[in-house]
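Structure first, commentary second.
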Amino acid sequence: MQHIEYILQQAVAEAFMALFEVVILPSDIKFSPTRKEFEGSHTLTCFQFAKQTGKAPDKVGTEIGTFLKQNCSCVSEFNVVKGFLNITISDTYIIKYTCNNFRKNTFDYPTNGQKVMVEYSSPNTNKPLHLGHLRNNFLGFAVANVLKANGYEVIKANLINDRGIHICKSMIAYQKYGNNETPDTTGLKGDKLVGKYYVEFDKQSKVIKSELLEKGCTEEEAEKLNPLMLAAQNMLVDWENGDDQVIALWKKMNGWVYQGFENTYTSIGVSFDTYYYESNTYLLGKEIVEEGLKNGVFYQKDDNSVWIDLTEEGLDHKLVLRSDGTSVYITQDMGTADLKYKDFGIQKSIYVVGNEQDYHFNVLFHILTKLKRPYASGLHHLSYGMVDLPMGKMKSREGTVVDADDLVNEMKAEAEKQTTELGKIDSFSASEAQQLYHTIGLGALKYFLLKVDPKKRMLFNPTESIDFHGNTGPFIQYTHARICAIARKSNELNITYDHNFDSLVLQQCEKNIITHILLLEKTLKQAGDDYSPALIANYVYDLAKLYNSFYGEVSIFQDPDSLKVAFRSMISVYTGHVIKYCLALIGIDAPERM
RNA sequence: GAUCCCGUAGCUCAGCUGGAUAGAGCAACUGCCUUCUAAGUAGUAGGUCAUUGGUUCGACUCCAAUCGGGAUCACCA
């Protein structure tokens, strides 16, 4: 069954031809939802056609409307207000569409044969995940789902920053102050334990620095002479030389961190198809520098450092290889980009990274374009805004970081509190109840972080953000649970759906739901094109609102007309499927009772 | 200093790529549970879309300038 939008586009194009002999491509005809103060569901704005037709917009609207009503069985009514043609879709169409589709529980586009990699999470192994990482993880996971639903084959990748001076700092501090603690002996999660020593390093080196300053050192000398800092730098050199002891410690501590991360990933419901480690990729890219020098994309200075001139692109000169021949960050990113392409033959590659690195990715993509990489046009930096706290930015050194595990646990505790107060799940076993609290708490958190346009920075207020009412995840989950209760009752009552519904006259609140479901395809496409799960979040919220409105307005089972009972039951089931599907796209579980 | 992003109700956010009288939620106030889950629902109130110009039939949306907030501009990652 053809989608109403497509049918209308064809019909309007036909109308233009028949009435005005004007050729307009069906795909160029755009409809917007009719404002609720007017009759109808699809609106065509006619101002833009005034020139081509030589008629006033309202005249065009009236003539097109008349044509549609006569020639298109899906259109039952129309009205024209100023230059706006408001179209009412026939009940027959809506009913038929509902009957044909209400059992569907997936709305994915067919595969398009394209492969895309979504790199996200990409943590450092020196500290645990925090609120900022959560936005990244939820976004990356959701974008991967959305792209998959748009027909792509998706590879989720995690590029782990497992080497460098930061991890050496944790290692030095652990060597000096660690007393051979382990996650087992302390009961701490591995990432928390390692993070503890990263903080310890910072603390101790501050103490040492102030001692040096008291002895009369300058700021600069204190920095340089700091034995802890020197030890960390030495350790980095030892690591690069493959020193057995250093490598062993590095492996041990990173191992703890990975267990901790895995634990968190499982808890927040994200996953990866492949992992890259910087310890394996940090030397990549040097051959690319040589290649670029040969074909003149890069140039070399007298001191042997290698650069690229991006002034024509509105950027600057950028270093790609140090004078001592070692790589910088962007060198290994070039190498890693090649590696990803070699490994998976991807057409698109999405980097989910904060907007503080906008410049970096701008440069990287320009370089890869200049190097004529076949995948260059498919590169995209999904740049998301920072998550601010009421007191400003999170600073790990000032202890204002909101820890990811803690936050999830707080949300879960709040879910337990509120669920217990409502007392609706007395029949649940203890483990079922725990599972539900987690689902609700996590749903609230995910929805909160995903409903905002990724590009925008956002505010997270720990006290106020834990709300389960209104525009929240639990509200949508609740609507789903409510629908499941309806579906259960429909089953109990043995309600069947294969009736002739021709005589049925629909109510506005019923039509509103189906009309909104008709927008799903478009929304999903848009969310894929824009890499914006927020569109899905807002869409499903609106659907839940429409359903609750319907739920309050009509009685589903009390109606004497059995056709109405059956159809309302169908609408409920249909809405439930769409809600569950959309929530799954953004990584949220839809409970059947709550 | 240069470049980029942002500025919509008291607060947090939408606004479908230029269309109608700018929408939700929270907070405040008023109704609705003996009937399908009230984590709900119906309503009231709340706005000079930062400011000023420009483009046109029409601007929250596009352009320019100004003000305010943020980020980036390392032989750091």
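Since we're looking at a predicted model, the values are computed, not measured. In what follows, chains carry the letters A, B, and so on, assigned in the order in which the sequence lines appear, proteins first and then strands, with residues in each chain numbered from 1.
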Would you call B/C33 syn or anti, using the 90° rule around 0?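 That one's syn.
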
Assigned glycosidic conformation for B/U17 [threshold 90° from 0]: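 Classified syn.
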
Under 4.0 Å between any heavy atoms, over every strand shown, what does [X] touch: base, sugar-phosphate, or nothing? Just pick one.
X	result
A/Thr419	base
A/Gln48	base
A/Tyr329	base
A/Ser32	nothing
A/Ile165	nothing
A/Glu492	nothing
A/Pro33	base
A/Tyr541	sugar-phosphate
A/Lys417	nothing

Set of side-chain hydrogen bond (donor to acceptor under 3.5 Å, both in side chains) partners for A/Lys412, sequence neighbours left out: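 Counting only residues at least two positions away or on another chain, A/Lys412 forms a side-chain hydrogen bond (donor to acceptor under 3.5 Å, both in side chains) with A/Gln434.
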
Selection: residues 449-461 of chain A, any non-hydrogen atom under 4.0 Å of RNA chain B: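 A/Val452, A/Asp453, A/Lys456, A/Arg457, A/Met458, A/Leu459, in order of number.
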
Listed in order of residue number, which residues of residues 303-320 of chain A have a non-hydrogen atom at under 4.0 Å from RNA chain B?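 Contacting residues: A/Asp303, A/Ser305, A/Trp307, A/Leu319.
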
Spacing of A/His480 atom NE2 and A/Lys580 atom NZ [to the nearest 0.5 Å]: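 Output value for this atom pair is 5.5 Å.
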
Decide ring-ring contact (aromatic ring centres under 6.0 Å, His included) for A/Tyr277 and A/Trp250; before the verdict, give the C-alpha distance in whole Å, the side-chain angles of both, and the deciding distance to 0.1 Å. CA-CA 13 Å; A/Tyr277 298 88; A/Trp250 174 74; 8.8 Å; no

Rounding to an integer number of angstrom, what distance separates B/U21 and B/C49 when you compare their P atoms?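 Result for the P pair: 14 Å, nearest Å.
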
Span that lies between the P atom of B/U48 and that of B/G23, in whole angstrom: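 Looking at atom P only, B/G23 and B/U48 are 15 Å apart.
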
If only side-chain N and O atoms count, and only distance matters, is there a donor-acceptor pair under 3.5 Å linking A/Asp467 with A/Thr472?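 Distance-only check fails for A/Thr472 and A/Asp467.
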
Ignoring hydrogens and geometry beyond distance, is a side-chain donor-acceptor pair present between A/Asn512 and A/His516 at under 3.5 Å?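 No - no donor-acceptor pair under 3.5 Å links their side chains.
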
Any side-chain heavy-atom pair of [X] and [Y] under 4.5 Å:
X	Y	answer
A/Asn548	A/Arg482	yes
A/Phe138	A/Ile586	no
A/Trp307	A/Val320	no
A/Ile588	A/Cys582	no

Rounded off to whole Å, could you give me the [atom1]-to-[atom2] distance for the [X] and [N] pair?
X	N	atom1	atom2	value
A/Gln418	B/U37	CD	C1'	15 Å
A/Gln477	B/G40	CD	C1'	15 Å
A/Ile330	B/C76	CD1	P	14 Å
A/Phe38	B/A20	CZ	C1'	5 Å

For RNA chain B, the expected dot-bracket line (Watson-Crick or G-U under 3.5 Å, [ ] crossing, | inter-strand) is (((((((..((((.....[...)))).(((((.......))))).....(((((..]....))))))))))))....

Pairs: protein N or O with nucleotides 28-33 of chain B N or O, under 3.5 Å:
none

By the ring pair (Phe, Tyr, Trp, His ring centres under 6.0 Å) test, which pairs, at least two apart or in different chains, include something from residues 442-472 of chain A?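 Pairs touching residues 442-472 of chain A that pass the test: A/Phe448-A/Phe460.
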
Between A/Asp530 and A/Gln357, name the one whose nearest nucleotide on RNA chain B is closer to the 5' end.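 The 5'-side residue here is A/Asp530.
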
Parallel, tilted or perpendicular for A/His130 and A/His133, by the 30°/60° rule?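 Judged by the thresholds at 30° and 60°, the geometry between A/His130 and A/His133 is tilted.
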
Listed by chain and number, what are the side-chain contact (heavy atoms from CB on, under 4.5 Å) partners of A/Leu524, not counting sequence neighbours?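 So A/Leu524 forms a side-chain contact (heavy atoms from CB on, under 4.5 Å) with A/Tyr109, A/Val146, A/Ala149, A/Asn150, A/Ile536, A/Tyr581, A/Leu585.
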
Has the side chain of A/Thr43 got a donor or acceptor atom sitting under 3.5 Å from an opposite partner on the base of B/A20?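 Under the 3.5 Å cut-off, the side chain and the base do form a donor-acceptor pair.
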
Could you note down all residue pairs passing salt bridge (Lys or Arg N to Asp or Glu O under 4.0 Å) where residues 40-61 of chain A supplies at least one of them, sequence neighbours left out?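 Listed once each, the pairs are A/Lys55-A/Glu63.
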
When you compare the protein's N or O atoms with those of nucleotides 41-44 of chain B, which come within less than 3.5 Å of each other, and at what distance?
residue	atom	partner	partner atom	Å
B/A42	OP1	A/Ser549	OG	2.8

Mind checking ring pair (Phe, Tyr, Trp, His ring centres under 6.0 Å) for A/His42 and listing every partner two or more places apart, or none if nothing turns up?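 Ring pair (Phe, Tyr, Trp, His ring centres under 6.0 Å) check on A/His42 returns nothing, list empty.
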
Taking ring pair (Phe, Tyr, Trp, His ring centres under 6.0 Å) as the criterion, tell me which of A/Phe365, A/Tyr384, A/Tyr120 meets it with A/Tyr351.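 So, applying the ring pair (Phe, Tyr, Trp, His ring centres under 6.0 Å) to A/Tyr351 and each of A/Phe365, A/Tyr384, A/Tyr120, only A/Phe365 qualifies.
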
Enumerate, atom names and distances included, each donor-acceptor pair closer than 3.5 Å involving a side-chain atom of residues 81-89 of chain A, sequence neighbours excluded.
residue	atom	partner	partner atom	Å
A/Asn86	OD1	A/Thr43	OG1	2.7
A/Asn86	ND2	A/Asn79	OD1	2.9

What side-chain hydrogen bond (donor to acceptor under 3.5 Å, both in side chains) pairs are there with at least one residue in residues 534-547 of chain A, not counting sequence neighbours?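 Counting only pairs at least two positions apart or across chains, the side-chain hydrogen bond (donor to acceptor under 3.5 Å, both in side chains) contacts touching residues 534-547 of chain A are A/Tyr547-A/Ser572.
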
What heavy-atom pair brings A/Gly441 and A/Ala415 nearest, and what distance separates the two atoms?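 Closest approach of A/Gly441 to A/Ala415, heavy atoms only: N-CB, 3.8 Å.
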
For A/His469 and B/G40, is the shortest distance between a side-chain N/O and OP1 or OP2 below 4.0 Å?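 So the side chain of A/His469 is within the cut-off, an N or O lying under 4.0 Å from OP1 or OP2 of B/G40.
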
Under the 5.5 Å and 30° test, is A/Phe84 stacked on the base of B/A20?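 Yes; by the centre-distance and plane-angle rule, A/Phe84 counts as stacking on B/A20.
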
